[in-house]
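For this chain, numbers begin at 1 and follow the sequence in order.
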Amino acid sequence: MIKLHPTSVRSLSNNAQTKFLHLAGIKLIIFAFLVFSTSINLFAQKLERIEPMFWFTGMHNPKLQLLVHGDNIAASTISLTYPGVKLVKVNKVENPNYLFVDLELTPSAKAGKFPINFSANGKKLFSYIYELKNRDKSPGRIQGVSQKDFIYLLMPDRFSNGDKSNDVVQGLTETALNRDSMYYRHGGDIQGVINHLDYLKDLGVTTVWMTPEVENDMPQASYHGYAVTDHYKIDPRYGTNELYKKYVEALHAKGMKVIKDIVHNHIGTHHWFYKDLPMKSWLNQWPKYTQTSYRDQTVMDIHASAADRKQMLDGWFVPSMPDLNQTNPYVQNYLTQNHIWWIEYAGIDGLRLDTYGYNDPVYMADWALKLQAEFPHLSVFGETLVTAVANQAFFTGGNTVNRGFDTHLQGITDATLKDAIYEGINRKNGWVDGINRLYATLAHDFLYKNANTNCIFLDNHDMSRFYSMVGEDFEKYKMGMSILLTMRGIPQMYYGTEILMKNFSNPDGLIRSDFPGGWNGDKKDKFIADDRTNKENEAFNFVKTLANFRKNSDALQNGKLMQFVPQDDIYVYFRYNGSAKGTVMVVVNNTEKDKNLSTDRFAERTVGIKTAKNVISGENIQMKEIKVPAKTTLVLELN
């Protein structure tokens, strides 16, 4: 600091005094500028966010890593004092706008709020009030999903608009709303789903799975939800975090369950941390853009090239979806904690894991163990759109196919069974064709630790609709739905299948059309019987009858599967549990001719049974010989 003594100044001449004071003034200005600059640098540190923004006491894993983001936040010193919470380490990374703060929460930590203090040069800058909440022990939360359930898959943007005020949200990248295009937002939201829960329950649905609801603030076609831009925030065009929690609670209050769709593999290019990466290794980076090969075989092929395997796992899904590097421990912690946070916060019952095969396998096994430790009843199944049973089984838990380690993944989306059902419905029978393909596919269930945890389906949001795939043949439609709702595994139906919604995935993507009646002003409201056609009501009632029968059938909810080799173009399987009474017998005739079926060869499942009830018609039939109409799947309950 410059010090001027008055007597020193007075001893100079007037001219000299003037020059001296002028020079001294310049030095003072320079000094003041330096002090001001240091102050600006000090207070330029600005906290943008901490994630998770709050946490829970009593978790199995006492470790918690906070992601702290803010301008030059790494120049700060962090301190906190709260009983049961220990500050273990503050990690600085490549980008000074990030800190990763390791905490340890002991069993003695109680719910409450405490400040996390940020300081620099010994001076306190600001505090963030962090909160620990008690875990919610209410009954009916995080129940898990099993083959007792019937899943209804929907896209919230296309199901129903329950709140017009959030159709367009200013400040987001995409503000277009156009129901005449498949690629713009249509306005459906979480409130719209809540408004129609009674419709779903009446149909016999027990579980709702929405495509991802988290924020997708992308420039276009972001309605699908798979290009997340904020992991901790429900997209405001769907609602709020609080509304999502109420949605889960509303389903639970009706005795129903929730599956959340999550994405480990990638994010959207408008994600807040993509715009300011914590470190280069946060993503799988390439010298030039490299897309995944989509070749799942490279992950399991013992002869595969390492380069091919790397491209499959580390290549980007599409240019707008950067690939997360799941070998990075900071990425691992971020994703795992985010999923735990949502489950505990909302009480979700199960998870569907998008693009499972593209994720780092070692991390995914560790992820599964960490979630099982926190939520023993949680159900998890991974998307594996592959072409062979062994490929699917490779990803499931138990190391049943000599993979070398246990993935701990409970189940998969059973695409090979879906293909086999189509084969059995649409093609003529041969030694390995037609209905024999379905028989042979199920004969490979020995490859799974438990095939009953697989999610079985006929279509979804990424493929042509079932009704179109069977040529809009209503008899084939009923055949397929009968198999879906009586087969082993957890059945999933895509929204609108119950009212014969149709169309192909190419070229126009009309498989994601709006549910008629979900918007005020729709010409028809297909949520009510009066506005459905006779054929649509027949389809709705067919699904409703089978789905509600399933709710009360111990054989379908808990039973085993026994199938018999197809003979005379007839395929028969049983779902059974304990006594023969209550056993469900399913008879599939995929030919154009009526058949007479002698039941003698099924004695091991039908011994002592003389009659059975046709679940659809309600009529009782004699078991000695059964007439099976052409293109029919009979569902019979033995009595």
> Distance from I511 atom CD1 to R465 atom CZ, nearest 0.5 Å?
Replying inline: 7.5 Å

>> Let's go through Q492 and R352 carefully: what are the C-alpha distance in whole Å and the side-chain angles of both, what is the deciding distance for side chain to side chain donor-acceptor pair (under 3.5 Å) to 0.1 Å, and is it a yes or a no?
In response: CA-CA 12 Å; Q492 167 252 301; R352 180 263 191 183; over 6 Å; no

> Should we count NZ of K551 as having more than 12 external heavy atoms under 6.0 Å?
Replying inline: yes

>> Return the NZ to CD1 distance between K581 and I609, rounded to the nearest 0.5 Å.
In response: 8.0 Å

> Taking only residues two or more places apart in sequence or in another chain, which ones pass side chain to side chain donor-acceptor pair (under 3.5 Å) with W342?
Replying inline: none

>> When you measure from the side chain of R575 to the backbone of L556, do you find a donor-acceptor pair of N or O atoms at a distance under 3.5 Å?
In response: yes

>> Using a 6.0 Å cut-off, check whether atom NZ of K502 has over 12 heavy atoms from anything other than its own residue.
In response: no

>> Testing F540, F542, Y467 one by one against Y477 for a ring pair (Phe, Tyr, Trp, His ring centres under 6.0 Å), which residue passes?
In response: Y467

>> Are P516 and I499 packed together at the side-chain level, in the sense that at least one heavy-atom pair is separated by less than 4.5 angstrom?
In response: yes

> Do any N or O atoms from the side chain of Y422 and from the backbone of L458 form a donor-acceptor pair under 3.5 angstrom?
Replying inline: yes

>> Evaluate F564 against F574 for ring pair (Phe, Tyr, Trp, His ring centres under 6.0 Å), listing each step before the verdict.
In response: CA-CA 9 Å; F564 287 77; F574 292 84; 5.7 Å; yes

> side chain to side chain donor-acceptor pair (under 3.5 Å) between N620 and N639: does it pass, once the steps are laid out?
Replying inline: CA-CA 9 Å; N620 282 311; N639 53 34; 3.3 Å; yes

> So do K544 and D202 actually touch side chain to side chain, heavy atoms under 4.5 Å?
Replying inline: yes

> Closest heavy-atom contact between L154 and Y495?
Replying inline: CA-CD2, 3.7 Å

> Does some side-chain heavy atom of Q567 sit less than 4.5 Å from a side-chain heavy atom of I570?
Replying inline: no

>> Is it the case that over 12 heavy atoms from other parts of the model lie below 6.0 angstrom from the NZ atom of K148?
In response: no

> What's the shortest heavy-atom distance between I412 and F381, and which atoms?
Replying inline: N-CB, 4.1 Å

> Under a 4.0 Å N-O cut-off, is there an ion pair linking E249 with K246?
Replying inline: no

>> So that I know where these two stand, are H60 and F375 an aromatic pair - ring centroids less than 6.0 Å apart?
In response: no

> With a 4.5 Å limit on heavy-atom distance, are the side chains of V380 and L409 in contact?
Replying inline: yes

> Does the side chain of E383 pick up a donor-acceptor pair with the side chain of Y358 at under 3.5 Å?
Replying inline: no

> Between V299 and R309, what is the shortest heavy-atom contact and its length?
Replying inline: O-NE, 4.0 Å

> Side chains of Y223 and R512: donor-acceptor distance under 3.5 Å anywhere?
Replying inline: yes

>> To check you understand the geometry: which heavy-atom pair defines the closest contact between N589 and V628, and what is its length?
In response: ND2-O, 3.2 Å

> With a 4.5 Å heavy-atom cut-off, do F602 and M623 have their side chains touching?
Replying inline: no

>> Determine whether a donor-acceptor pair (N or O, by modelled atom type, separation under 3.5 Å) exists between the side chain of T413 and the backbone of C455.
In response: no

> Taking everything shown except R295 itself, do over 12 heavy atoms lie less than 6.0 Å from its CZ?
Replying inline: no

> Heavy atoms, side chains only, cut-off 4.5 Å: are I142 and E374 in contact?
Replying inline: no

> Rounded to the nearest 0.5 Å, how far does CD of E213 lie from CG of D235?
Replying inline: 10.0 Å

> side-chain contact (heavy atoms from CB on, under 4.5 Å) between V572 and M562: does it pass, once the steps are laid out?
Replying inline: CA-CA 9 Å; V572 175; M562 179 180 287; over 6 Å; no

> Which of parallel (below 30°), tilted (30 to 60°) and perpendicular (above 60°) describes F515 and F527?
Replying inline: parallel

> Between I626 and L636, is a side-chain contact (heavy atoms from CB on, under 4.5 Å) present by the stated rule, with each step listed?
Replying inline: CA-CA 11 Å; I626 301 172; L636 308 174; 3.8 Å; yes

> Is it true that R437 and E423 have a side-chain N and a carboxylate O under 4.0 angstrom from each other?
Replying inline: yes

>> Assess, by modelled atom type and distance only, whether the side chains of N577 and N558 contain a donor and an acceptor separated by less than 3.5 Å.
In response: no

>> Check for me whether the distance between the ring centres of F457 and Y494 falls short of 6.0 Å.
In response: no

> Is there a side-chain contact between V565 and Y439, using heavy atoms and a 4.5 Å cut-off?
Replying inline: yes

>> Taking atom CG as the centre, does N596 end up with more than 12 heavy-atom neighbours from other residues, nucleotides or ligands that are less than 6.0 angstrom away?
In response: yes

>> I need the single residue from H252, R141, H377 that forms a side chain to side chain donor-acceptor pair (under 3.5 Å) with D349. Which is it?
In response: H252

> Would you say N216's side chain and V214's backbone share a donor-acceptor pair under 3.5 angstrom?
Replying inline: yes

>> I'd like to know if the side chain of N614 and the backbone of E619 have a donor-acceptor N/O pair within less than 3.5 Å.
In response: no

> Should W367 and V362 be marked as a side-chain contact (heavy atoms from CB on, under 4.5 Å) after you check the CA-CA gap, both sets of side-chain angles, and the distance that decides it?
Replying inline: CA-CA 9 Å; W367 173 90; V362 175; over 6 Å; no

> Testing N426, N429, T632, T633 for side chain to side chain donor-acceptor pair (under 3.5 Å) with N590, which one passes?
Replying inline: N429

>> side-chain contact (heavy atoms from CB on, under 4.5 Å), that's the test. Do K257 and V208 meet it? Break it down for me.
In response: CA-CA 6 Å; K257 302 175 184 178; V208 178; over 6 Å; no

>> The test is side chain to side chain donor-acceptor pair (under 3.5 Å); show your working for Y226 and D261 and say whether it passes.
In response: CA-CA 9 Å; Y226 293 98; D261 199 336; 2.5 Å; yes

> Is there a donor-acceptor contact under 3.5 Å linking the side chains of D296 and T298?
Replying inline: no

> Are D406 and N399 close enough that a side-chain donor and a side-chain acceptor fall under 3.5 Å?
Replying inline: no

>> Taking D569 first and then K593, would you say they form a salt bridge - that is, a charged N and a carboxylate O separated by under 4.0 Å?
In response: no

> Between L485 and R550, which heavy-atom pair has the shortest distance, and what is it?
Replying inline: O-NH1, 2.6 Å

> With distance as the sole test, does E637 use its side chain to make a donor-acceptor pair with the main-chain N or O of A612 at under 3.5 Å?
Replying inline: no

> What residues form a side chain to side chain donor-acceptor pair (under 3.5 Å) with Y573, not counting sequence neighbours?
Replying inline: T486

> Do you see a donor-acceptor pair shorter than 3.5 Å between the side chains of Q410 and T453?
Replying inline: no

> If you look at every heavy atom in Y244 and V258, which pair is closest and at what distance?
Replying inline: OH-CG1, 3.9 Å

> So, do L638 and M585 sit near enough that their side-chain heavy atoms are less than 4.5 Å apart?
Replying inline: yes

> Is S379 reaching over with its side chain to a backbone N or O of G350, donor-acceptor style, under 3.5 angstrom?
Replying inline: no

> Do any N or O atoms from the side chain of T599 and from the backbone of E625 form a donor-acceptor pair under 3.5 angstrom?
Replying inline: no

>> Test of understanding: with side chain to side chain donor-acceptor pair (under 3.5 Å), list the residues that count as partners of D323, not counting sequence neighbours.
In response: N265, N284

